[in-house]
Amino acid sequence: MAVARMNMNCSIQSSLSCILKPSHFFNFKTTQFKNRLYFPQNHLISSKRSLLCTCSGNFQAGEKAEPFVITTPLYYVNAPPHMGSAYSTIAADAIARFQRLLGKRVILITGTDEHGEKIATAASACGSSPREHCDVISQAYKMLWKDLDIAYDKFIRTTDPKHEAIVEEFYFRVLAKDDIYRADYEGLYCVNCEEYKDEKELLKNNCCPTHLKPCVPRKEDNYFFALSKYQKPLEEILEQNPDFVQPSYRLNEVQGWIKNGLRDFSISRAAVEWGIPVPNDNKQTIYVWFDALLGYISALLEDKEQISLQSAVSSGWPASLHLIGKDILRFHAVYWPAMLMSAGLSLPKMVFGHGFLTKDGMKMGKSLGNTIEPNELVHKFGADAVRYFFLREVEFGSDGDYSEERFVNIVNAHLANTIGNLLNRTLGLLKKNCQSTLVVDSTIAAEGKEFKDTVEELVEKARINYENLSLSSACEAVLEIGNAGNLYMDKHQPWSLFKQGGAASEAAAKDLVVILEAMRIIAIALSPVAPSLCRQIYAQLGYSKDQFDNINWSETKWGGLKGGQVMAQPKPVFARIEQIKENENGAEAAPQKVVKKKEKKQKVQGVIEA
């Protein structure tokens, strides 16, 4: 058994009370990410919200509405962005875009976590200072988010002076609550997790179960947060608000941790120089998680606003949704709520923990040479393809797998064929037979047709799935509109009706209006997932960029297209992806068309309850 000792150090500054209750223990367990927590009730202090809109979308400035604040993890800058980081952010962006379509004032927060031992080590290995290293990696995240069409509202860096000021004020609040004390700790420490571990959770040879590397013995004189004091309040919160942690199986994990007993955890490091100094002891730095979690609040500060915790909170806290990976669930669902309660602040409404990504059915790792590089992926296939594949093919909350063959087949079948080709051939027929002009209103064209009812049902299904964070099912519902459109075209064969002339030709012209109205609805309903593609579809239907940027979900109601509207000249909105195959000598062979296979609906392993 690893030895863990606590010794009171009463030579602490007079501002810090020496309180070590017998019930206080130290908590050092594996980090876990989770992405879904809903918390509908505020148990603590709530504050006024800003009434002015500072983000994109169609919210009207001055409306007295509580903002929808969604956060990604603040990504650790010890290494460049990876596909897991991109996946979290793509999902957050899709949710934010949907909420904007509903007319809500949305604040999407992302950013970088820039303190800690690993970052100093990574910087030293590159021959740069920690600050220089953080600048480079943080910029790499911003560039990738731009390439992925991420419309974030706030990007916080934990090295920002305003953030450090918020951390200091928060620390003193918790200190004043007698929830911080000083003591010694000796135990096994995982440098990669930047966390002490209990021996019972380690693998053979004291290896960390997350990083599979041996933990090292370490003894430090640190400051601790009295987490054990909040065991009962946390139990009550989870019992009264079961949606606080989602999916439900992640809630079970959290309840299990709490049931086993919460132990106090260290919130400072004596051996780490690259961090925010402890306000009342500059010989130590704030523990990276106690620092980074506050980025969700400091990000809310406006540029010229007074830097204070109250100002930040009044600009949008509490968050509506923390979206995280399942490996950091403990920090967001246990530590963070307790810290907020100690400081007298409201808790986030939901923490949602999504799963991990694998490649070709295998866990990814640089040593295996099978990592997915998001920059390469987006530059090779485009942002819409990357966004669509991961949101459509990975059940949100569960683990998901990537293979290039499946990626190409899915994207070609869904975006190029089902949606792109349907639009292109319909506009081609309209140009040839109607001078690219709609003959009647879409409402009139759809009279007596079941197709309109089908579309309306599928749009409502998509809306419900978006709201429930069932992103894959939302994509599927929108795709079904495209499938129904193609079946409609094949059944009515307007190209043949035009050849007959007379009433048959008039019916064919109405059929084209019906299909193009469905395409208009698809462009709105799929825009949270594939914004660039949907912008192009909207442009093909004769709308301007400004009109697309100001759409809202209510416009998915049938009847938007009017008689006399002129459509743009038809051109493909999504080109099929060609695969380059190597011959036996390793040289590139001629491009080969990817053949769409008829396949049953496939689900990535694991089904999420969203």
Exercise. Look only at the side chain of S129 and the backbone of E132, and say whether a donor-acceptor pair between them is shorter than 3.5 Å.
Key: yes

Exercise. Give the C-alpha distance, both sets of side-chain angles, the deciding distance and a yes or no for side-chain hydrogen bond (donor to acceptor under 3.5 Å, both in side chains) between S124 and T121.
Key: CA-CA 5 Å; S124 177; T121 301; over 6 Å; no

Quiz item: Between R406 and E393, does at least one N-O distance fall below 4.0 Å, as a salt bridge requires?
Solution: yes

Quiz item: Could you state the interatomic distance from CD1 (I90) to CG (D149), rounded to the nearest 0.5 Å?
Solution: 10.5 Å

Quiz prompt | Closest heavy-atom pair and its distance - L340, P348 | solution = CD1-CD, 3.6 Å

Exercise. With S298 as reference, evaluate H163, K154, K162 under the side chain to side chain donor-acceptor pair (under 3.5 Å) test and give the passing residue.
Key: H163

Practice problem: Determine the interplanar angle of the F381 and F407 rings, folded into 0 to 90°, and report it as parallel if under 30°, tilted if 30 to 60°, perpendicular if over 60°. | Solution: tilted

Quiz item: Out of curiosity, S308 OG to L301 CG, how far, rounded to the nearest 0.5 Å?
Solution: 7.0 Å

Exercise. Decide yes or no for H332 and Y296: does some side-chain heavy atom of the first lie under 4.5 Å from some side-chain heavy atom of the second?
Key: yes

Quiz item: So, R157 and D113, do they make that salt bridge, N to O below 4.0 Å?
Solution: no

Quiz item: About how many Å separate CD1 of I166 and CG of D291, when rounded to the nearest 0.5 Å?
Solution: 12.0 Å

Exercise. Output, in order, the C-alpha distance, side-chain angles, deciding distance and verdict of side-chain contact (heavy atoms from CB on, under 4.5 Å) for I107 and T71.
Key: CA-CA 8 Å; I107 303 176; T71 71; over 6 Å; no

Quiz item: Are any of the side-chain nitrogens in E404 or K380 under 4.0 Å away from the carboxylate oxygens of its partner?
Solution: yes

Quiz item: Between the side chain of S314 and the main-chain N/O of Q310, is any donor-acceptor distance below 3.5 Å?
Solution: yes

Quiz prompt | Salt bridge flag under 4.0 Å for residues R105 and D153 | solution = no

Practice problem: Decide if atom NZ of K461 counts as having more than 12 heavy atoms of other residues, nucleotides or ligands within a radius under 6.0 Å. | Solution: no

Exercise. Give a yes or no answer on whether the side chain of D93 reaches the backbone of A151 with a donor-acceptor pair at less than 3.5 Å.
Key: yes

Quiz item: Hey, is the main chain of L309 close enough, under 3.5 Å, to the side chain of E169 for a donor-acceptor pair?
Solution: yes

Quiz item: Shortest non-hydrogen contact from D360 to S403?
Solution: OD1-CB, 3.0 Å

Quiz item: Counting only N and O atoms by type, is there a donor-acceptor contact under 3.5 Å from the side chain of N241 to the main-chain atoms of D243?
Solution: no

Quiz item: Going by the angle between their ring planes, with limits at 30° and 60°, are Y75 and Y141 parallel, tilted or perpendicular?
Solution: parallel

Practice problem: May I ask you to test the I95-L471 pair for a side-chain heavy-atom distance under 4.5 Å? | Solution: yes

Practice problem: Evaluate the side-chain contact (heavy atoms from CB on, under 4.5 Å) criterion for residues L415 and V573: first the C-alpha distance (whole Å), next the side-chain angles of each, then the deciding distance (0.1 Å), finally the verdict. | Solution: CA-CA 9 Å; L415 301 185; V573 292; over 6 Å; no

Quiz item: Do E305 side-chain atoms and E302 backbone N/O form a donor-acceptor pair below 3.5 Å?
Solution: yes

Quiz prompt | Cation-pi geometry met for R463 and W553 (6.0 Å, 45°) | solution = no

Quiz item: Do Y402 and F390 come close enough that some side-chain heavy atom pair is under 4.5 Å?
Solution: yes

Quiz item: Does any non-hydrogen side-chain atom of R97 lie less than 4.5 Å from one of L108?
Solution: no

Exercise. Could you walk me through whether L101 and I551 pass the side-chain contact (heavy atoms from CB on, under 4.5 Å) test, one step at a time?
Key: CA-CA 7 Å; L101 285 175; I551 57 175; 3.8 Å; yes

Quiz item: Does the side-chain contact (heavy atoms from CB on, under 4.5 Å) test come out yes or no for E239 and E236, once each step is laid out?
Solution: CA-CA 5 Å; E239 182 178 347; E236 291 175 352; 5.5 Å; no

Exercise. Step by step, work out the side-chain hydrogen bond (donor to acceptor under 3.5 Å, both in side chains) result for T358 and D401.
Key: CA-CA 5 Å; T358 57; D401 187 64; 2.6 Å; yes

Quiz prompt | S398 side chain to V394 backbone, donor-acceptor under 3.5 Å | solution = no

Self-check item: Residue that, paired with V278, satisfies side chain to side chain contact (heavy atoms under 4.5 Å, CB included) out of I267, I286, I180, T285
Solution: I286

Quiz item: Parallel, tilted or perpendicular for Y466 and F98, by the 30°/60° rule?
Solution: parallel

Quiz item: Applying the side chain to side chain contact (heavy atoms under 4.5 Å, CB included) test to Y230, which of V334, I237, L262, D179 qualifies?
Solution: D179

Quiz item: With side chains defined as the heavy atoms from C-beta onward, is the minimum distance between I419 and I537 less than 4.5 Å?
Solution: yes

Quiz item: Is the closest basic N to carboxylate O distance between E168 and R173 below 4.0 Å?
Solution: no

Quiz item: Will you find, in the side chains of Y388 and H414, an N or O donor that is under 3.5 Å from an N or O acceptor?
Solution: yes

Practice problem: Measure from the ring center of H133 to the ring center of W274 and say whether it is less than 6.0 Å. | Solution: no

Quiz item: Just by modelled atom types, is the V69 backbone N or O under 3.5 Å from a matching donor or acceptor in the S320 side chain?
Solution: yes

Quiz item: Should L238 and V254 count as side-chain neighbours, where that means a heavy-atom distance under 4.5 Å?
Solution: yes

Quiz prompt | Y171 side, atom OH; S268 side, atom OG - distance, nearest 0.5 Å | solution = 7.0 Å

Exercise. Might you confirm whether atom CD of Q139 has over 12 heavy atoms from other residues, nucleotides or ligands at distances under 6.0 Å?
Key: yes

Self-check item: R387 side chain to P528 backbone, donor-acceptor under 3.5 Å
Solution: yes

Self-check item: From OG1 (T158) to CG (L294), nearest 0.5 Å
Solution: 10.5 Å

Practice problem: Would you please name every residue forming a side-chain hydrogen bond (donor to acceptor under 3.5 Å, both in side chains) with Y76, sequence neighbours left out? | Solution: E194

Quiz item: Below 4.5 Å, heavy atoms only, C-beta onward: do P247 and L469 meet side chain to side chain?
Solution: no

Practice problem: Taking W317 for its side chain and S346 for its backbone only, find out whether a donor-acceptor pair lies under 3.5 Å. | Solution: yes

Practice problem: Could you tell me which residues satisfy side-chain hydrogen bond (donor to acceptor under 3.5 Å, both in side chains) with S527, sequence neighbours excluded, listed by chain and number? | Solution: none

Quiz item: Do Y287 and F290 have ring centres separated by under 6.0 Å?
Solution: no

Self-check item: Working for ring pair (Phe, Tyr, Trp, His ring centres under 6.0 Å), residues H322 and F331
Solution: CA-CA 12 Å; H322 282 326; F331 293 107; over 10 Å; no

Self-check item: side-chain hydrogen bond (donor to acceptor under 3.5 Å, both in side chains) assessment of E114 paired with T112
Solution: CA-CA 6 Å; E114 303 186 7; T112 45; 2.6 Å; yes

Quiz item: Is the centre of the H82 ring less than 6.0 Å from the centre of the Y87 ring?
Solution: no

Quiz prompt | Distance in Å, Y538 OH paired with R535 CZ, rounded so as to fall on 0.5 Å steps | solution = 12.5 Å

Quiz item: Hey, are the side chains of K146 and I150 touching, using non-hydrogen atoms and a 4.5 Å cut-off?
Solution: no

